[in-house]
Q: 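Below you'll find the structure I mean.
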Protein chains: 2
Amino acid sequence: MMERHSTLREQRRAETQRTIQAHAVRLFTERGYDATAINDVADAAGVSPMTVYRHFPTKEDLVLVDQHRQLIAERIAASSPAQPLVRRIGRALIEAAATLTSGRRTPDLATSEQFLLDRLRLMISTPALRAKHLDNYYALQQAIVDALGDDTTEPDAAFHAHAAASACLATMHTALVRWAEDDGKTDLSTLIAAALAAAFGDDDLTPGADG
Amino acid sequence: MMERHSTLREQRRAETQRTIQAHAVRLFTERGYDATAINDVADAAGVSPMTVYRHFPTKEDLVLVDQHRQLIAERIAASSPAQPLVRRIGRALIEAAATLTSGRRTPDLATSEQFLLDRLRLMISTPALRAKHLDNYYALQQAIVDALGDDTTEPDAAFHAHAAASACLATMHTALVRWAEDDGKTDLSTLIAAALAAAFGDDDLTPGADG
DNA sequence: AACAATTTGGTAGTCACTAACATTGGAGTT
DNA sequence: AACTCCAATGTTAGTGACTACCAAATTGTT
(Lines give C-alpha, C1' and ligand atoms only; values in the text may rest on other atoms or scores of the structure.)
Protein backbone atom coordinates (compact mmCIF):
# COMPACT_ATOMS: atom_id res chain seq x y z
CA MET A 1 0.00 0.00 0.00
CA MET A 2 1.38 3.33 -1.05
CA GLU A 3 1.21 6.32 1.16
CA ARG A 4 2.94 8.64 -1.28
CA HIS A 5 -0.09 8.35 -3.49
CA SER A 6 1.11 10.34 -6.41
CA THR A 7 3.23 13.24 -7.37
CA LEU A 8 1.84 14.21 -10.74
CA ARG A 9 -1.68 14.27 -9.41
CA GLU A 10 -0.78 16.45 -6.49
CA GLN A 11 1.19 18.76 -8.72
CA ARG A 12 -1.69 19.22 -11.11
CA ARG A 13 -4.13 19.72 -8.31
CA ALA A 14 -1.90 22.31 -6.70
CA GLU A 15 -1.38 24.06 -10.01
CA THR A 16 -5.10 24.14 -10.73
CA GLN A 17 -5.65 25.59 -7.29
CA ARG A 18 -3.03 28.28 -7.83
CA THR A 19 -4.42 29.13 -11.26
CA ILE A 20 -7.94 29.52 -9.89
CA GLN A 21 -6.82 31.67 -7.00
CA ALA A 22 -4.62 33.86 -9.17
CA HIS A 23 -7.43 34.57 -11.61
CA ALA A 24 -9.84 35.12 -8.76
CA VAL A 25 -7.68 37.69 -7.01
CA ARG A 26 -7.00 39.42 -10.33
CA LEU A 27 -10.69 39.62 -11.20
CA PHE A 28 -11.68 40.68 -7.70
CA THR A 29 -9.12 43.46 -7.80
CA GLU A 30 -10.10 44.59 -11.29
CA ARG A 31 -13.89 44.44 -11.09
CA GLY A 32 -14.51 44.20 -7.38
CA TYR A 33 -15.34 41.23 -5.21
CA ASP A 34 -19.11 41.42 -5.35
CA ALA A 35 -19.17 42.16 -9.06
CA THR A 36 -17.25 38.99 -9.84
CA ALA A 37 -19.18 35.73 -9.87
CA ILE A 38 -17.69 32.33 -9.27
CA ASN A 39 -18.63 31.52 -12.84
CA ASP A 40 -16.42 34.36 -14.03
CA VAL A 41 -13.52 32.98 -12.05
CA ALA A 42 -14.15 29.50 -13.41
CA ASP A 43 -14.28 30.77 -16.99
CA ALA A 44 -11.10 32.77 -16.56
CA ALA A 45 -9.29 29.82 -15.04
CA GLY A 46 -10.61 27.47 -17.70
CA VAL A 47 -12.39 25.12 -15.34
CA SER A 48 -15.97 24.43 -14.38
CA PRO A 49 -17.61 26.24 -11.46
CA MET A 50 -17.76 22.94 -9.62
CA THR A 51 -14.00 22.65 -9.67
CA VAL A 52 -13.68 26.06 -8.09
CA TYR A 53 -15.93 24.96 -5.25
CA ARG A 54 -13.94 21.77 -4.82
CA HIS A 55 -10.71 23.67 -4.32
CA PHE A 56 -12.16 26.55 -2.34
CA PRO A 57 -15.18 25.75 -0.22
CA THR A 58 -16.38 29.34 -0.22
CA LYS A 59 -15.82 32.39 -2.36
CA GLU A 60 -14.10 34.03 0.58
CA ASP A 61 -11.51 31.30 0.74
CA LEU A 62 -10.24 32.44 -2.64
CA VAL A 63 -8.76 35.46 -0.90
CA LEU A 64 -8.06 34.32 2.63
CA VAL A 65 -4.58 34.49 4.03
CA ASP A 66 -3.64 31.74 6.39
CA GLN A 67 -2.19 33.10 9.56
CA HIS A 68 0.52 30.57 10.20
CA ARG A 69 -1.40 29.21 13.08
CA GLN A 70 0.98 26.34 13.50
CA LEU A 71 4.12 28.45 13.55
CA ILE A 72 2.67 30.88 16.06
CA ALA A 73 1.38 28.12 18.29
CA GLU A 74 4.74 26.39 18.30
CA ARG A 75 6.60 29.53 19.28
CA ILE A 76 4.18 30.25 22.08
CA ALA A 77 4.39 26.72 23.38
CA ALA A 78 8.17 27.02 23.36
CA SER A 79 8.18 30.31 25.27
CA SER A 80 8.70 30.58 28.98
CA PRO A 81 5.45 30.49 30.97
CA ALA A 82 7.01 32.82 33.50
CA GLN A 83 6.64 35.79 31.18
CA PRO A 84 3.49 37.93 30.94
CA LEU A 85 0.88 36.61 28.53
CA VAL A 86 1.00 39.49 26.13
CA ARG A 87 4.76 39.27 25.87
CA ARG A 88 4.69 35.57 25.04
CA ILE A 89 1.97 36.09 22.45
CA GLY A 90 3.36 39.33 21.09
CA ARG A 91 6.80 37.93 20.51
CA ALA A 92 5.40 34.92 18.71
CA LEU A 93 3.39 37.14 16.41
CA ILE A 94 6.36 39.36 15.66
CA GLU A 95 8.66 36.46 14.98
CA ALA A 96 6.11 34.69 12.81
CA ALA A 97 5.71 37.83 10.74
CA ALA A 98 9.49 38.10 10.41
CA THR A 99 9.87 34.61 9.02
CA LEU A 100 6.82 35.16 6.87
CA THR A 101 8.13 38.20 5.05
CA SER A 102 11.72 37.08 4.93
CA GLY A 103 10.85 34.03 2.89
CA ARG A 104 8.26 35.70 0.74
CA ARG A 105 10.40 37.48 -1.79
CA THR A 106 10.31 34.57 -4.19
CA PRO A 107 9.46 34.81 -7.88
CA ASP A 108 6.68 32.29 -7.30
CA LEU A 109 3.33 33.98 -7.45
CA ALA A 110 1.67 31.89 -4.78
CA THR A 111 4.18 32.91 -2.16
CA SER A 112 5.14 36.35 -3.42
CA GLU A 113 4.73 39.28 -1.12
CA GLN A 114 2.82 41.18 -3.79
CA PHE A 115 0.21 38.46 -4.00
CA LEU A 116 -0.09 38.52 -0.25
CA LEU A 117 -0.59 42.26 -0.28
CA ASP A 118 -3.23 42.01 -2.99
CA ARG A 119 -5.24 39.56 -0.93
CA LEU A 120 -4.78 41.59 2.21
CA ARG A 121 -6.04 44.71 0.50
CA LEU A 122 -9.08 42.86 -0.77
CA MET A 123 -9.82 41.58 2.68
CA ILE A 124 -9.57 44.96 4.26
CA SER A 125 -11.60 46.85 1.68
CA THR A 126 -14.36 44.28 1.17
CA PRO A 127 -16.86 44.08 4.04
CA ALA A 128 -17.84 40.49 3.32
CA LEU A 129 -14.22 39.45 3.45
CA ARG A 130 -13.43 41.57 6.47
CA ALA A 131 -15.99 39.64 8.47
CA LYS A 132 -14.57 36.31 7.40
CA HIS A 133 -11.05 37.49 8.03
CA LEU A 134 -11.86 38.51 11.55
CA ASP A 135 -13.65 35.24 12.07
CA ASN A 136 -10.43 33.56 11.12
CA TYR A 137 -8.71 35.31 13.99
CA TYR A 138 -11.08 33.51 16.28
CA ALA A 139 -9.60 30.17 15.33
CA LEU A 140 -6.11 31.55 15.73
CA GLN A 141 -7.05 32.89 19.14
CA GLN A 142 -8.13 29.45 20.23
CA ALA A 143 -4.87 27.98 18.97
CA ILE A 144 -2.94 30.56 20.97
CA VAL A 145 -4.87 29.85 24.13
CA ASP A 146 -4.23 26.15 23.70
CA ALA A 147 -0.55 26.75 23.08
CA LEU A 148 -0.22 28.86 26.21
CA GLY A 149 -0.90 25.78 28.28
CA ASP A 150 -2.91 25.50 31.43
CA ASP A 151 -1.83 27.67 34.27
CA THR A 152 -3.33 25.78 37.18
CA THR A 153 -2.20 28.34 39.70
CA GLU A 154 -4.64 30.91 38.43
CA PRO A 155 -8.38 30.23 38.64
CA ASP A 156 -9.33 32.46 35.71
CA ALA A 157 -6.34 31.43 33.61
CA ALA A 158 -8.35 30.54 30.53
CA PHE A 159 -10.28 33.76 30.69
CA HIS A 160 -7.09 35.78 31.00
CA ALA A 161 -5.49 33.88 28.16
CA HIS A 162 -8.44 34.58 25.89
CA ALA A 163 -8.41 38.23 26.80
CA ALA A 164 -4.71 38.61 26.15
CA ALA A 165 -4.82 36.62 22.92
CA SER A 166 -7.72 38.53 21.42
CA ALA A 167 -6.15 41.82 22.40
CA CYS A 168 -2.85 40.88 20.78
CA LEU A 169 -4.52 39.61 17.61
CA ALA A 170 -6.62 42.71 17.24
CA THR A 171 -3.48 44.77 17.60
CA MET A 172 -1.71 42.69 14.98
CA HIS A 173 -4.65 43.24 12.67
CA THR A 174 -4.16 46.97 12.99
CA ALA A 175 -0.56 46.51 11.92
CA LEU A 176 -1.64 44.40 8.95
CA VAL A 177 -3.98 47.14 7.82
CA ARG A 178 -1.21 49.69 8.02
CA TRP A 179 1.15 47.35 6.21
CA ALA A 180 -1.29 46.95 3.33
CA GLU A 181 -1.88 50.70 3.19
CA ASP A 182 1.84 51.29 2.93
CA ASP A 183 2.03 48.70 0.18
CA GLY A 184 4.46 46.63 2.21
CA LYS A 185 7.12 49.32 2.35
CA THR A 186 7.56 49.04 6.08
CA ASP A 187 8.63 45.73 7.51
CA LEU A 188 5.65 43.86 8.86
CA SER A 189 7.22 42.56 12.04
CA THR A 190 8.38 46.09 12.88
CA LEU A 191 4.86 47.37 12.45
CA ILE A 192 3.41 44.66 14.63
CA ALA A 193 5.95 45.40 17.33
CA ALA A 194 5.08 49.09 17.17
CA ALA A 195 1.37 48.41 17.39
CA LEU A 196 1.81 46.10 20.35
CA ALA A 197 3.97 48.67 22.10
CA ALA A 198 1.31 51.31 21.48
CA ALA A 199 -1.48 49.18 22.86
CA PHE A 200 0.27 47.59 25.81
CA GLY A 201 2.85 50.16 26.71
CA ASP A 202 6.57 49.68 26.34
CA ASP A 203 6.77 46.05 27.25
CA ASP A 204 9.95 44.35 26.20
CA LEU A 205 8.42 42.89 23.10
CA THR A 206 11.46 42.77 20.88
CA PRO A 207 12.18 39.14 20.13
CA GLY A 208 15.59 39.06 21.64
CA ALA A 209 17.06 36.40 23.90
CA ASP A 210 14.13 34.44 25.15
CA GLY A 211 13.95 33.70 28.83
CA MET B 1 -45.58 69.97 6.25
CA MET B 2 -45.67 67.63 9.18
CA GLU B 3 -42.56 66.41 10.84
CA ARG B 4 -44.23 64.26 13.48
CA HIS B 5 -45.51 61.98 10.78
CA SER B 6 -47.52 59.53 12.76
CA THR B 7 -47.66 57.62 15.96
CA LEU B 8 -49.84 54.66 15.09
CA ARG B 9 -47.81 53.90 12.00
CA GLU B 10 -44.53 53.99 13.84
CA GLN B 11 -45.97 51.88 16.63
CA ARG B 12 -47.12 49.23 14.21
CA ARG B 13 -43.85 49.24 12.37
CA ALA B 14 -41.88 48.88 15.60
CA GLU B 15 -44.16 46.12 16.77
CA THR B 16 -43.83 44.23 13.50
CA GLN B 17 -40.09 44.56 13.78
CA ARG B 18 -40.07 43.22 17.32
CA THR B 19 -42.35 40.36 16.38
CA ILE B 20 -40.15 39.33 13.48
CA GLN B 21 -37.00 39.46 15.56
CA ALA B 22 -38.54 37.58 18.46
CA HIS B 23 -39.71 34.75 16.23
CA ALA B 24 -36.37 34.72 14.43
CA VAL B 25 -34.33 34.39 17.60
CA ARG B 26 -36.68 31.74 18.89
CA LEU B 27 -36.49 29.69 15.70
CA PHE B 28 -32.73 30.13 15.42
CA THR B 29 -32.31 28.91 18.97
CA GLU B 30 -34.68 25.99 18.52
CA ARG B 31 -33.64 24.72 15.09
CA GLY B 32 -30.32 26.40 14.53
CA TYR B 33 -29.44 29.44 12.49
CA ASP B 34 -28.54 27.73 9.24
CA ALA B 35 -31.48 25.35 9.43
CA THR B 36 -33.93 28.24 9.63
CA ALA B 37 -34.83 30.00 6.42
CA ILE B 38 -36.06 33.55 6.17
CA ASN B 39 -39.30 32.13 4.86
CA ASP B 40 -39.73 30.19 8.09
CA VAL B 41 -39.24 33.37 10.08
CA ALA B 42 -41.71 35.19 7.87
CA ASP B 43 -44.30 32.45 8.22
CA ALA B 44 -43.87 32.32 11.99
CA ALA B 45 -44.21 36.07 12.26
CA GLY B 46 -47.18 36.12 9.93
CA VAL B 47 -45.65 38.40 7.33
CA SER B 48 -44.22 37.99 3.87
CA PRO B 49 -40.49 37.34 3.36
CA MET B 50 -40.16 40.76 1.78
CA THR B 51 -41.28 42.43 4.98
CA VAL B 52 -38.55 40.63 6.87
CA TYR B 53 -35.98 41.98 4.45
CA ARG B 54 -37.38 45.48 4.73
CA HIS B 55 -36.96 45.50 8.49
CA PHE B 56 -33.68 43.60 8.61
CA PRO B 57 -31.41 44.04 5.60
CA THR B 58 -29.66 40.72 6.20
CA LYS B 59 -30.43 37.54 8.05
CA GLU B 60 -27.59 38.32 10.42
CA ASP B 61 -29.19 41.60 11.43
CA LEU B 62 -32.01 39.60 13.01
CA VAL B 63 -29.60 38.66 15.78
CA LEU B 64 -27.11 41.48 15.96
CA VAL B 65 -26.64 43.42 19.15
CA ASP B 66 -25.87 47.06 18.79
CA GLN B 67 -22.90 48.04 20.83
CA HIS B 68 -23.99 51.43 22.05
CA ARG B 69 -21.56 53.10 19.77
CA GLN B 70 -22.91 56.52 20.55
CA LEU B 71 -22.75 56.15 24.31
CA ILE B 72 -19.21 54.83 24.22
CA ALA B 73 -18.03 57.52 21.85
CA GLU B 74 -19.52 60.22 24.03
CA ARG B 75 -17.81 58.95 27.15
CA ILE B 76 -14.47 58.72 25.41
CA ALA B 77 -14.78 62.19 23.98
CA ALA B 78 -15.56 63.46 27.47
CA SER B 79 -12.55 61.77 29.04
CA SER B 80 -9.28 63.50 29.71
CA PRO B 81 -6.80 63.18 26.83
CA ALA B 82 -3.99 63.14 29.38
CA GLN B 83 -4.77 59.57 30.35
CA PRO B 84 -3.39 56.51 28.56
CA LEU B 85 -5.43 55.38 25.58
CA VAL B 86 -6.43 52.02 26.97
CA ARG B 87 -7.63 53.60 30.19
CA ARG B 88 -9.82 56.10 28.37
CA ILE B 89 -11.29 53.40 26.17
CA GLY B 90 -11.52 50.77 28.86
CA ARG B 91 -13.39 52.98 31.26
CA ALA B 92 -15.87 53.96 28.58
CA LEU B 93 -16.55 50.31 27.76
CA ILE B 94 -17.01 49.40 31.41
CA GLU B 95 -19.33 52.30 32.08
CA ALA B 96 -21.35 51.66 28.94
CA ALA B 97 -21.83 48.05 30.00
CA ALA B 98 -22.90 49.19 33.45
CA THR B 99 -25.64 51.48 32.12
CA LEU B 100 -26.60 48.79 29.65
CA THR B 101 -27.30 46.08 32.16
CA SER B 102 -28.71 48.34 34.83
CA GLY B 103 -31.56 49.40 32.58
CA ARG B 104 -32.18 46.02 31.03
CA ARG B 105 -34.18 44.31 33.71
CA THR B 106 -37.47 45.36 32.21
CA PRO B 107 -40.39 43.06 31.46
CA ASP B 108 -40.29 44.22 27.83
CA LEU B 109 -38.92 41.50 25.63
CA ALA B 110 -37.06 43.77 23.25
CA THR B 111 -34.91 45.23 25.99
CA SER B 112 -34.83 42.30 28.39
CA GLU B 113 -31.51 40.92 29.47
CA GLN B 114 -32.64 37.41 28.61
CA PHE B 115 -33.29 38.39 25.02
CA LEU B 116 -29.89 40.01 24.88
CA LEU B 117 -28.28 36.87 26.20
CA ASP B 118 -30.13 34.73 23.67
CA ARG B 119 -28.83 36.80 20.80
CA LEU B 120 -25.35 36.87 22.22
CA ARG B 121 -25.28 33.11 22.54
CA LEU B 122 -26.41 32.75 18.95
CA MET B 123 -23.72 35.10 17.79
CA ILE B 124 -21.01 33.28 19.63
CA SER B 125 -22.03 29.78 18.64
CA THR B 126 -22.85 30.45 14.99
CA PRO B 127 -19.80 30.95 12.77
CA ALA B 128 -21.63 33.05 10.22
CA LEU B 129 -22.83 35.38 12.95
CA ARG B 130 -19.51 35.44 14.73
CA ALA B 131 -17.90 36.87 11.64
CA LYS B 132 -20.54 39.55 11.30
CA HIS B 133 -20.38 40.32 14.97
CA LEU B 134 -16.66 40.86 14.84
CA ASP B 135 -17.08 42.94 11.73
CA ASN B 136 -19.39 45.11 13.75
CA TYR B 137 -16.56 45.80 16.15
CA TYR B 138 -14.70 47.33 13.27
CA ALA B 139 -17.25 50.12 13.01
CA LEU B 140 -17.16 50.62 16.75
CA GLN B 141 -13.37 50.77 16.62
CA GLN B 142 -13.54 53.58 14.08
CA ALA B 143 -16.02 55.45 16.26
CA ILE B 144 -13.67 55.11 19.21
CA VAL B 145 -10.70 56.39 17.24
CA ASP B 146 -12.72 59.37 16.08
CA ALA B 147 -13.89 60.06 19.62
CA LEU B 148 -10.36 59.99 20.98
CA GLY B 149 -9.58 63.09 19.00
CA ASP B 150 -6.45 63.97 17.12
CA ASP B 151 -3.29 64.01 19.12
CA THR B 152 -1.14 66.26 16.97
CA THR B 153 1.90 65.86 19.19
CA GLU B 154 2.36 62.24 18.20
CA PRO B 155 3.11 61.38 14.56
CA ASP B 156 1.62 57.90 14.73
CA ALA B 157 -1.32 58.93 16.89
CA ALA B 158 -3.96 57.42 14.63
CA PHE B 159 -2.08 54.16 14.40
CA HIS B 160 -1.71 53.98 18.16
CA ALA B 161 -5.36 54.81 18.64
CA HIS B 162 -6.42 52.04 16.31
CA ALA B 163 -4.14 49.58 18.03
CA ALA B 164 -5.42 50.45 21.48
CA ALA B 165 -9.06 50.48 20.39
CA SER B 166 -8.94 47.11 18.68
CA ALA B 167 -7.11 45.60 21.62
CA CYS B 168 -9.71 46.91 24.07
CA LEU B 169 -12.63 45.76 21.95
CA ALA B 170 -11.22 42.31 21.50
CA THR B 171 -10.80 42.11 25.24
CA MET B 172 -14.36 43.24 25.78
CA HIS B 173 -15.52 40.55 23.38
CA THR B 174 -13.83 37.96 25.55
CA ALA B 175 -15.81 39.25 28.50
CA LEU B 176 -19.04 39.09 26.50
CA VAL B 177 -18.37 35.46 25.68
CA ARG B 178 -17.83 34.67 29.31
CA TRP B 179 -20.93 36.61 30.27
CA ALA B 180 -23.05 34.59 27.85
CA GLU B 181 -21.52 31.34 29.06
CA ASP B 182 -22.37 32.24 32.62
CA ASP B 183 -25.90 33.08 31.53
CA GLY B 184 -25.53 36.62 32.76
CA LYS B 185 -24.94 35.64 36.36
CA THR B 186 -21.86 37.79 36.73
CA ASP B 187 -22.17 41.50 36.19
CA LEU B 188 -21.06 42.40 32.70
CA SER B 189 -19.14 45.53 33.56
CA THR B 190 -17.24 43.62 36.23
CA LEU B 191 -16.27 40.98 33.72
CA ILE B 192 -15.10 43.56 31.23
CA ALA B 193 -13.01 45.25 33.87
CA ALA B 194 -11.45 41.93 34.81
CA ALA B 195 -10.66 41.07 31.20
CA LEU B 196 -9.08 44.45 30.61
CA ALA B 197 -7.00 44.10 33.73
CA ALA B 198 -5.88 40.66 32.60
CA ALA B 199 -4.86 41.87 29.17
CA PHE B 200 -3.29 45.19 30.05
CA GLY B 201 -2.06 44.62 33.54
CA ASP B 202 -3.40 46.35 36.59
CA ASP B 203 -4.15 49.69 35.09
CA ASP B 204 -6.48 51.81 37.14
CA LEU B 205 -9.48 50.94 35.05
CA THR B 206 -12.19 51.21 37.65
CA PRO B 207 -14.48 54.03 36.59
CA GLY B 208 -13.94 56.12 39.64
CA ALA B 209 -13.33 59.86 39.78
CA ASP B 210 -12.30 60.81 36.28
CA GLY B 211 -9.24 62.94 35.85
C1' DA C 1 -5.11 -4.23 -21.00
C1' DA C 2 -7.93 -3.95 -16.89
C1' DC C 3 -9.13 -2.19 -12.56
C1' DA C 4 -9.51 1.14 -8.73
C1' DA C 5 -9.31 5.72 -7.07
C1' DT C 6 -9.32 10.47 -7.70
C1' DT C 7 -10.59 14.48 -10.13
C1' DT C 8 -13.70 16.86 -12.96
C1' DG C 9 -18.14 18.12 -15.41
C1' DG C 10 -23.26 18.56 -15.65
C1' DT C 11 -27.83 19.01 -13.71
C1' DA C 12 -31.01 20.32 -10.57
C1' DG C 13 -32.15 22.29 -6.43
C1' DT C 14 -32.05 25.40 -1.97
C1' DC C 15 -31.58 29.77 0.00
C1' DA C 16 -30.19 34.66 0.75
C1' DC C 17 -31.06 38.75 -1.39
C1' DT C 18 -32.66 42.36 -5.06
C1' DA C 19 -35.57 44.90 -8.36
C1' DA C 20 -39.92 46.27 -10.23
C1' DC C 21 -44.64 46.69 -9.80
C1' DA C 22 -49.27 46.29 -7.72
C1' DT C 23 -52.04 46.76 -3.44
C1' DT C 24 -53.59 48.10 1.04
C1' DG C 25 -54.59 51.08 4.74
C1' DG C 26 -53.60 54.88 7.78
C1' DA C 27 -52.80 60.54 7.74
C1' DG C 28 -54.02 64.87 6.45
C1' DT C 29 -57.13 67.84 3.49
C1' DT C 30 -61.38 69.68 1.75
C1' DA D 1 -67.53 61.67 4.60
C1' DA D 2 -64.99 61.51 0.42
C1' DC D 3 -60.50 62.19 -1.47
C1' DT D 4 -55.64 62.31 -1.98
C1' DC D 5 -50.96 61.05 -0.49
C1' DC D 6 -47.66 58.07 1.20
C1' DA D 7 -45.65 54.58 3.76
C1' DA D 8 -45.90 49.64 4.48
C1' DT D 9 -46.72 45.32 2.57
C1' DG D 10 -47.30 41.72 -0.90
C1' DT D 11 -46.18 39.35 -5.42
C1' DT D 12 -43.30 37.94 -8.89
C1' DA D 13 -39.17 37.09 -11.22
C1' DG D 14 -34.53 37.14 -11.12
C1' DT D 15 -29.23 36.72 -9.61
C1' DG D 16 -25.69 34.31 -7.31
C1' DA D 17 -23.50 31.37 -3.74
C1' DC D 18 -23.53 26.80 -2.51
C1' DT D 19 -24.95 21.58 -2.26
C1' DA D 20 -26.31 16.84 -3.66
C1' DC D 21 -26.19 13.51 -7.02
C1' DC D 22 -24.67 11.24 -10.89
C1' DA D 23 -21.76 10.62 -15.10
C1' DA D 24 -17.31 10.98 -17.52
C1' DA D 25 -12.44 11.43 -17.81
C1' DT D 26 -7.82 10.83 -16.12
C1' DT D 27 -4.20 8.77 -13.32
C1' DG D 28 -1.76 5.04 -10.59
C1' DT D 29 -1.61 0.19 -9.98
C1' DT D 30 -1.96 -4.89 -11.14
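Every chain is numbered from 1 and lettered A, B, ... according to where its sequence line falls, protein lines coming before strand lines.
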Q: Spell out protein contact along nucleotides 9-14 of chain D as letters: B when the base is contacted, S when just the sugar-phosphate is, - when no protein heavy atom is under 4.0 Å; keep the 5' to 3' order.
A: BBB---

Q: Can you name the ring pair (Phe, Tyr, Trp, His ring centres under 6.0 Å) partners of Phe56(A), sequence neighbours left out?
A: none

Q: Starting from P on dA8(D), measure out to CD on Glu15(B) and report it in whole angstrom.
A: 15 Å

Q: Of all of residues 29-39 of chain B, which get a heavy atom below 4.0 angstrom from DNA chain D, listed by number?
A: none

Q: Between Asp118(A) and Arg26(A), is there a salt bridge with N-O shorter than 4.0 Å?
A: no

Q: May I ask you to check whether over 12 heavy atoms, not counting those of Asp150(A), lie within 6.0 Å of atom CG?
A: no

Q: Whole angstroms only, please: what is the CZ-P distance between Phe28(B) and dC15(C)?
A: 13 Å

Q: Starting from C1' on dA27(C), measure out to CD on Gln11(B) and report it in whole angstrom.
A: 14 Å

Q: Atom NZ of Lys59(B) and atom P of dC15(C): how far apart are they, to the nearest Å?
A: 9 Å

Q: When you measure from the side chain of Thr99(A) to the backbone of Ala96(A), do you find a donor-acceptor pair of N or O atoms at a distance under 3.5 Å?
A: yes

Q: With sequence neighbours excluded, tell me which residues meet side-chain contact (heavy atoms from CB on, under 4.5 Å) with Ala139(A).
A: Arg69(A)

Q: Could you note down all residue pairs passing salt bridge (Lys or Arg N to Asp or Glu O under 4.0 Å) where residues 37-53 of chain B supplies at least one of them, sequence neighbours left out?
A: Arg31(B)-Asp40(B)

Q: Nearest whole Å is fine: how far is dT6(C) C1' from Gln17(A) CD?
A: 15 Å

Q: Got a sec, which residues hit ring pair (Phe, Tyr, Trp, His ring centres under 6.0 Å) with His173(A), two or more places apart in sequence or on another chain?
A: His133(A), Tyr137(A), Tyr138(B)

Q: Leu129(A) versus Phe28(A): any side-chain heavy-atom pair under 4.5 Å?
A: no

